[in-house]
Amino acid sequence: MESKRVKKAVIPAAGLGTRFLPATKAMPKEMLPIVDKPTIQYIIEEAVESGIEDILIVTGKGKRAIEDHFDSVPELEQILIEKGKSEFLKLVEETTNINIHFIRQSKPMGLGHAVLQAKAFVGDEPFVVMLGDDIVQAETPCTRQLINQYEITNSSIIGVQPVSDEETQRYGIVDLSSSVSETLHKVKSFVEKPVPGTAPSNLAILGRYLFTPEIFKYLETQEPGAGNEIQLTDAITRLNEMQRVFAYEFNGKRYDVGEKLGFIRTTLEFALKREDLGDDVHKLMIELLENRLSLIEK
Ligand code: UTP
């Protein structure tokens, strides 16, 4: 059977962002910049580079800035034209030429509930879910890698990578049943944030999913689970009982921008890689480290 083309992406962005309070009291977590670009823009760029044509962002209260960011700003554009600042104009226009749709999740009832809001948008097609907490840098964009696997298997594909033993409690972890290849695995079940020492493997779900539309059947009937939220992992486990779900170890470096230390690390690494900033940031980091060392030695 020929697989359907994957053209749609859903980006859930209705979470409360409590780990970044007070910054997220009035500003969406997804708008926090890595150097000078909001985290959500990195996700949208990955979607577009993967061949996605339509994107639905699931927003909630206090998320207006996301909609504004992807809208045109005629006054600003006019001023930039008048001042001949074409480089900045390009940056401003870059975010407005994409098909982005919005829907609201009325209450933050969990990631599964956020994805369920996309049912009408998705219809009867396979689609991807991309979380803004993870930015992946890879030669072939991570989402494209999942689509490539879908085209072979015609099945739902969950993006995973190994994490350390200490980290498993923070993620959805896969319990493997058998491996198809070094990177593609059949799954027995998914465990959301396992208690330390009980994780069935080290393979963690890292914010990239490709689903067949049947996932909605399970989301619609999913009872609240951990944290009294409708958990996406619980619905995937039930989907897997009816049709095969694969875990795919994608290639690429993944940056965790959903917690503070990961966010700082990503900012520094991205700044160091920038042609216009890298050398200065390098010098700055050495200066700061030397200052700190001399304080410790005193
Ligand atoms: P998280 O729990 O990691 O994100 O949800 P959060 O709620 O924004 O952040 P903290 O934990 O309070 O600091 C993972 C993803 O699911 C979305 C979030 O926006 C995030 O992208 N989400 C979560 C929703 O869209 N709706 C929800 O009800 C819950």
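Atoms within a ligand are numbered from 1 in the order they appear, just like the ligands themselves.
A heavy-atom cutoff of 4.0 Å around ligand 1 is satisfied by the protein residues Pro12, Ala13, Ala14, Gly15, Leu16, Gly17, Thr18, Arg19, Lys29, Glu30, Gln105, Pro108, Met109, Gly110, Leu111, Ala114, Asp133.
His101 and Phe121 have tilted rings, their planes meeting at an angle from 30° to 60° on a 0 to 90° scale.
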Throw together a table of side-chain donor-acceptor distances under 3.5 angstrom for residues 275-286, partners on residues two or more places apart or in other chains.
{"unit_1": "Asp276", "atom_1": "OD1", "unit_2": "Arg274", "atom_2": "NE", "d": "2.9"}
{"unit_1": "Asp276", "atom_1": "OD2", "unit_2": "Arg274", "atom_2": "NH2", "d": "3.1"}

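Legend: residues meeting side-chain hydrogen bond (donor to acceptor under 3.5 Å, both in side chains) with Lys188, ordered by chain and number and at least two apart, are absent. Listed by chain and residue number, Glu220 satisfy the salt bridge (Lys or Arg N to Asp or Glu O under 4.0 Å) test with Lys119 (two or more places apart in sequence, or in another chain).
The cationic atom of Lys273 (NZ for Lys, CZ for Arg) lies less than 6.0 Å from the six-membered ring centre of Phe270 and within 45° of the ring axis.
A salt bridge does not link Glu259 with Arg265: every distance from a Lys NZ or Arg NE/NH1/NH2 to an Asp or Glu carboxylate oxygen is 4.0 Å or more.
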